[in-house]
Amino acid sequence: MADVTYPCYIERKDNGGYWYWVYYAVNGKAIARSSESYVNRSDCTHSINLVQGSSSHPIFYYD
């Protein structure tokens with residue numbers, strides 16, 4: 001495995017053999033995890049790409 005630099009996404013397999021991702025901040029702490037697990041790693045990677053592509057989407061706040 002390559003040396004990890006932060007911030008980054010890391011893809012892993014859970015105990016059931018399904019893929020998921022974790023996003024790590026610049027300080028190396030996990031701050032987000034995929035809400036689903038995936039049979040195929042390519043689907044996990046696609047999920048990361050969707051999150052990365054949403055950075056310009058609006059943020060709403062409700063009281």
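Only heavy atoms go into these numbers, but all of them, side chains included; no hydrogens, no water, no symmetry mates.
No single ILVMFWY cluster, assembled from side-chain heavy atoms under 4.5 Å apart, contains both V39 and W21.
Interatomic distance, OH of Y38 versus OG of S47, reported as 3.0 Å (0.5 Å rounding). Rounded to the nearest 0.5 Å, atoms CD (E11) and OG (S42) are 9.5 Å apart.
Of all non-hydrogen atoms in S37 and Y18, the two that sit nearest each other are CB-CB, 3.6 Å. Here the shortest heavy-atom pairing between W19 and R41 reads CD1-N, 3.4 Å. A pairwise comparison of heavy atoms in K29 and N27 identifies N-OD1, 3.0 Å as the closest pair. Across every non-hydrogen atom of Y24 and I10, the tightest pair is CE1-CD1, 3.7 Å.
Counting non-hydrogen atoms of neighbouring residues, nucleotides and ligands closer than 6.0 angstrom, the OH atom of Y20 exceeds 12 such neighbours.
Under the 30°/60° scheme for interplanar angles, the aromatic rings of Y23 and Y9 are found to be tilted.
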